[in-house]
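Worksheet: the structure to be examined is printed underneath.
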Amino acid sequence: MILYTVTGGPGNEGFLDIAESGDLTGKNIYVNMTNRCPCSCVFCLRQTKAQMEKNTLWLKEGEPSVKTLLDTFAKYDLNIINELVFCGFGEPLERFDEVCQVIDALRKEYPNLKVRINTVGLANLIHGRDVTPELEGRVDTISISLNAPTAEEFLELTRSRFGIESFEAVKEFAVLSKKYVPNVVMSVVEKVMPEDKIELCRLICEELGVTLRVRAYEDYEKEKR
Ligand code: SF4
């Protein structure tokens, strides 16, 4: 499933293919670009091959090409949707260039399309360069998982392949993104994180000059990031 909407309420959330999502007016459309991720978060459903493969967001046919994505989008009117969200069952910015190509093509047709990327914030380490200038004019909101208030806890939770430097890299990515993206948000999930740690994350975000979004656990279950 490469394009989908989120259905259901707390406790019975589901992902519905865009083709089965009915009237798209006011809905968020999610783009599932990849199942790759530099992390292996302890709370992520991508823990075992079996868990991954039974999830409806597992890309059985492999990663969709830009053409496949655009051909699929061509069947729908994106003027009526609320927001296009690059999210899915992996880290969308693993495919940074393709994400940009898709946005560029869609913006030609829909100049007012609202675009959000939900990310773990490690794109600069993944690609070995500062990619944030390329977000300018493409992305309205970037939502970065803060996950933890310290580098050690971040690594323990995310098991990032980039090791202990990951936490600083995520914070730096947020600060750099502010120059190019109007709305930079860092997120933590209530219940997953105790209140005292959420408070520490709030202080970190204040220092970085970004908004902290404390997400309801139900929302986290829906979007997984
Ligand atoms: S929760 Fe997100 S960042 Fe963590 S392993 Fe899963 S997809 Fe990757």
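Ligands are counted one by one from 1 in listed order, and the atoms in each one are counted from 1 as well. Keep in mind the model is a prediction, meaning the values are calculated, not measured.
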Does Asn183 use its side chain to pair, donor to acceptor, with the backbone of Asp140 at less than 3.5 Å?
-> no
If only atom types and distance count, is the side chain of Arg107 paired as donor or acceptor with the main-chain N or O of Arg138 below 3.5 Å?
-> yes
Please find out if atom 8 (Fe) of ligand 1 and some N, O or S atom of Cys39 are separated by less than 2.8 Å.
-> no
List every atom of ligand 1 that sits less than 4.0 Å from any heavy atom of Cys44, numbering the atoms from 1 in the order shown and giving each element.
-> 1 (S), 5 (S), 6 (Fe)
Set of residues satisfying side-chain contact (heavy atoms from CB on, under 4.5 Å) with respect to Leu155, sequence neighbours excluded = Ser160, Ile164
What pairs with Phe154 under ring pair (Phe, Tyr, Trp, His ring centres under 6.0 Å), at least two apart in sequence or on another chain?
-> Phe167
When you look for heavy atoms under 4.0 Å from ligand 1, do you find them on the side chain of Cys41, its backbone, both, or neither?
-> both
